[in-house]
Amino acid sequence: MASSTTTHPPVLKQPVKLACVQFAPGPDKEANLARAAAKVREAAATGAKIVVLPECFNSPYGCDHFPSYAERLLPSPPSPEQSPSFRALAAMARDNGVYLIGGSIPELAVGAKDGNGDEDKTYYNTSLTFSPAGALLATYRKVHLFDISIPGKITFRESDVLSPGSSLAIVDLPDYGRVAVAICYDVRFPEMAMIAARRGCFALVYPGAFNLTTGPLHWQLLARARAVDNQVYVALCSPARDMSAGYHAWGHSLVVDPMAQVLVEAGEEEEVVVAELDGNKIEEARKGIPLRDQRRFDLYADVSR
Ligand SMILES: NC(=O)CCC(=O)C(=O)O
């Protein structure tokens, strides 16, 4: 256990507004990219400097859709001609001077050709983060795939089509500090959140698309749980609900503070929600309830090591 006088550097350098853009993607990718661009502009006009898009913001969400919407985000060897969604996201960040956590996109990665000359294709659910200059800061491939079966309610198996990523994303936003980016179902895994917080993140950001069964039960609960466990800000950004789509997203994009209070929460319709994140709130929570100095790593493992 560390002593009560242990000093810790601040994890958030200055207050910053974070916006979650909740909108309803349809089947037309170009229209989705244009809508996302308009919404990012709207978010930036509020003064937000960190803007978050939803999971699968450029396509409908569903295993049937992943291959047809997938793009080669990280071609190997690298190509100067980036994919349409990559270019659109870089422009949204640059045009508005914001850090953009670009929701997620179905990604196609192409491997070596097999004996028949066929390329080995792998699909991921991938999030790209851009700097205000439009430079790619981080790529994150969803690590925990959404495979659940609740009889009579919902069965979903991302792993039928997608492969899991194999690394975490702790992203340095030079003006502010570090954030962790993960995707939707990942929020159910407290280990990831704890690693991020112990490595100095001020916020955990999850583009996500919960459903009408688990959304009302777990969406806000999980956001608040990750916040109170780790005394950090948590943002979840969902698509808006579209009952004509194959998958009905819960909506309710939200931002929770380090004491687990919900600062802002959308309904189910399209909406931009904005909250100010303040490093003093993190320090107050951690001084008042000094969990970080009271952990008993002599009795259980420190997952961040
Ligand atoms: N897209 C997802 O990962 C959905 C996760 C979800 O709905 C859940 O209950 O978990």
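As the structure lists them, so they are numbered: ligands from 1, and atoms in each ligand from 1. Nothing here was measured: the structure is a model prediction, and the numbers come from that model. Position 1 is the first residue of the sequence, and the numbers go up from there.
For ligand 1, the atoms sitting less than 4.0 Å from at least one non-hydrogen atom of Glu55 are 1 (N), 2 (C), numbered in the order shown with element in parentheses. For ligand 1, the atoms lying closer than 4.0 Å to a non-hydrogen atom of Cys184 are 1 (N), 2 (C), 3 (O), 4 (C), 5 (C). Every atom of ligand 1 with a heavy atom of Thr214 under 4.0 Å away is listed here by number and element: 6 (C), 7 (O), 8 (C), 9 (O).
A heavy-atom distance below 4.5 Å is found between the side chains of Phe57 and Leu33. With a 4.5 Å cut-off on side-chain heavy atoms, Leu18 and Val255 count as touching. Taking the side chain as every heavy atom from C-beta outward, Leu89 and Leu100 approach each other to under 4.5 Å.
Arg188 NE, 2.7 Å is the protein heavy atom nearest to atom 10 (O) of ligand 1. Regarding atom 7 (O) of ligand 1, its nearest protein heavy-atom neighbour is Asn211 ND2, 2.8 Å.
Look at Arg141 and Glu107 and you find a salt bridge, because one of the NZ, NE, NH1 or NH2 atoms lies within 4.0 Å of a carboxylate O, short of that distance.
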- Going through the checks in order, is the salt bridge (charged side-chain N to carboxylate O under 4.0 Å, His left out) test met by Lys142 and Asp186? CA-CA 7 Å; Lys142 189 175 187 176; Asp186 287 327; over 6 Å; no
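Looking at Glu71 and Ser85, their side chains do bring a donor and an acceptor atom within 3.5 Å of each other. Side chains of Tyr99 and Asp175: a donor on one and an acceptor on the other come within 3.5 Å.
Heavy atoms of Tyr61 approach ligand 1 to within less than 4.0 angstrom. Not a single heavy atom of His218 sits under 4.0 Å from any atom of ligand 1. For Lys142, the closest heavy-atom approach to ligand 1 falls below 4.0 Å.
Annotation: Glu158 places no N or O atom under 3.5 Å from an N or O atom of ligand 1; distance criterion only.
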